[in-house]
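In what follows, every heavy atom counts, from backbone to side chain, and hydrogens, waters and symmetry copies are set aside. Predicted, not measured: the structure shown is a model, and the values here were computed from it.
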Amino acid sequence: MAGRLGYDGVEVMVWTDPVSQDIEALRRLSDHHGVPILAVHAPCLLITQRVWSTDPWTKLRRAQSAAEKLGASTVVVHPPFRWQRQYAREFVEGVWRMADETDVRFAVENMYPWRYRDREMLAYAPEWDVTKDDYRHFTIDLSHTATARTSALDMLDRMGDRLGHVHLADGRGSAKDEHLVPGRGNQPCAELLDRLTRTGFDGHVVLEVNTRRAMSSAEREADLAEALDFTRRHLAADARVPGP
């Protein structure tokens, strides 16, 4: 579908799907469809706690190896869960150490507080707001800023030139991580893309859009085509206008 719609490449989230864990299978798919793999998302979700080992550092080393073998420039990683105490204590220093050993970017992604009704749980350590810690590269996710009810543009400013990767999606501030098609929520998707163009951002913009509610393959393709068109239009807008 990515090839058909004209996407430049894909990010692979390593998941419970065995194909996402199989580097050779991914390479064959990439070659067959002519769609490069630009980033690898390490298996750091609740549902992937046993994928590629139960040891979180083994997961990151395998993600790095996968990225190097597939020609991907970035490994996306979430901050640890609070109950991963030893991993959380070592995380900031450990990610720097791994980043020093490879040309692959380890881009740590902003998360959000977990909410249920009027209760809030801080599930991530050292912080869900990763800009409060010192990392070489960040991933900004606009669905996560919506869920956290925090300003995406302020976070972008705090990340500065350490922004290495973008997960573009929209949201309306729900307690759920919505990942809407850009333009369908209240996040400043267009403004963020405008800033990337003007500041010479050299990473990847990845559309991380939830299409589970699509009633058919045609509807899913239409959503992904709309998302791609939105992103390209706003990334290209300032590139056509001479300026400082």
Side-chain angles (χ1 to χ4, degrees), residues 1-45 48 51-53 55-79 91 94-110 130 135-142 159 161-169 179 182 192-193 196-197 199-209 211 221 224-225 227-229 231-232 235-236 239:
M1 191 178 291
R4 229 174 17 251
L5 294 175
Y7 276 77
D8 299 301
V10 296
E11 175 179 318
V12 170
M13 175 173 277
V14 181
W15 189 249
T16 54
D17 181 344
V19 174
S20 73
Q21 305 168 31
D22 186 331
I23 308 308
E24 288 309 312
L26 291 171
R27 194 200 311 275
R28 289 194 298 270
L29 284 168
S30 176
D31 291 345
H32 177 73
H33 294 287
V35 177
I37 295 170
L38 304 175
V40 173
H41 196 307
C44 44
L45 305 180
T48 58
V51 172
W52 278 0
S53 167
D55 174 55
W57 292 114
T58 300
K59 293 172 183 284
L60 288 193
R61 284 191 291 272
R62 291 191 65 173
Q64 174 188 331
S65 175
E68 290 169 344
K69 291 176 180 176
L70 294 167
S73 63
T74 305
V75 168
V76 178
V77 58
H78 293 178
F91 184 67
V95 169
W96 268 101
R97 185 176 60 251
M98 294 188 71
D100 284 337
E101 297 170 354
T102 179
D103 291 332
V104 173
R105 292 177 173 180
F106 282 88
V108 185
E109 183 172 8
N110 63 297
V130 294
Y135 299 107
R136 181 173 294 173
H137 290 110
F138 294 109
T139 296
I140 191 168
D141 184 306
L142 271 72
M159 290 180 174
D161 61 6
R162 291 184 292 168
L163 177 68
H165 197 67
V166 175
H167 281 170
L168 189 67
H179 285 281
L192 182 134
L193 294 174
L196 296 184
T197 301
T199 56
F201 173 69
D202 66 350
H204 296 302
V205 177
V206 172
L207 281 157
E208 200 175 59
V209 172
T211 62
E221 285 203 24
L224 294 175
L228 179 60
D229 177 67
T231 307
R232 283 199 171 137
L235 277 177

- Message: Using the rule given for side chain to side chain contact (heavy atoms under 4.5 Å, CB included), can you reason through Arg27 versus Lys69, listing the C-alpha separation, both sets of side-chain angles and the distance that settles it, and then say yes or no?
- Response: CA-CA 9 Å; Arg27 194 200 311 275; Lys69 291 176 180 176; 4.2 Å; yes
- Mind listing the closest non-hydrogen atom pair of Val40 and Ala72 along with its distance? CG2-CB, 4.2 Å
- Spell out, as yes or no, whether a donor-acceptor pair under 3.5 Å connects the side chain of Asn110 to the backbone of Asp141. yes
- Task: Please report the shortest heavy-atom distance between Ser20 and Leu26, naming the atom on each side.
- Result: O-CD1, 3.6 Å
- Does a side-chain heavy-atom distance below 4.5 Å link Leu224 with Thr211? yes
- Message: Counting C-beta onward and ignoring hydrogens, is there a side-chain heavy-atom pair between Tyr135 and Val77 closer than 4.5 Å?
- Response: no
- Task: Write down the atom of Thr139, the atom of Met159, and the distance for their closest heavy-atom approach.
- Result: O-CE, 3.7 Å
- Query: Do the non-hydrogen side-chain atoms of Val35 and Tyr7 ever get within less than 4.5 Å of each other?
  - Reply: no
- Task: May I have the step-by-step check of side chain to side chain contact (heavy atoms under 4.5 Å, CB included) for Val12 and Leu70, ending in yes or no?
- Result: CA-CA 11 Å; Val12 170; Leu70 294 167; 5.9 Å; no
- Message: Any non-hydrogen side-chain atom of Val76 less than 4.5 Å from a side-chain atom of His167?
- Response: yes
- Query: When you look at His165 and Arg105, which way does the side chain to side chain contact (heavy atoms under 4.5 Å, CB included) test go after all the steps?
  - Reply: CA-CA 9 Å; His165 197 67; Arg105 292 177 173 180; over 6 Å; no
- Minimum side-chain heavy-atom gap Leu45-His78 below 4.5 Å: yes
- Message: Looking at Asp161, I'd like to know if its CG atom is crowded, meaning that more than 12 non-hydrogen atoms belonging to other residues, nucleotides or ligands lie closer than 6.0 Å.
- Response: no
- Query: Could Arg28 and Asp22 be called an ion pair, given the rule that one side-chain N must be under 4.0 Å from one carboxylate O?
  - Reply: no
- Task: Evaluate whether atom CG of Asp55 has more than 12 neighbouring non-hydrogen atoms of other residues, nucleotides or ligands under 6.0 angstrom away.
- Result: yes
- Query: Out of curiosity, Arg136 CZ to Phe106 CZ, how far, rounded to the nearest 0.5 Å?
  - Reply: 10.5 Å
- Between the side chains of Ser73 and His204, does any donor sit under 3.5 Å from an acceptor? yes
- Validation row: Arg62, Ser53 side chains within 4.5 angstrom (heavy atoms): no
- Message: Quick one: does any side-chain atom of Glu11 pair with a main-chain N or O of Ile37 as donor and acceptor, under 3.5 Å?
- Response: no
- Under a 4.5 Å cut-off applied to non-hydrogen side-chain atoms, are Leu168 and Leu193 in contact? yes
- Any side-chain heavy-atom pair of Thr74 and Leu38 under 4.5 Å: no
- What are the two closest heavy atoms between Val166 and Leu196, and how far apart are they? CG2-CD1, 3.9 Å
- Item | Between CZ on residue Arg61 and CH2 on residue Trp52, distance to nearest 0.5 Å | 12.5 Å
- Note on the structure: One should read off an interatomic distance between Leu192 CG and Leu142 CG, to the nearest 0.5 angstrom, of 5.5 Å
- What are the two closest non-hydrogen atoms of Ala169 and His179, and how far apart are they? CB-ND1, 3.6 Å
- Minimum-distance pair of heavy atoms, taken over all atoms of Leu163 and Ile140: CD1-CG2, 3.7 Å
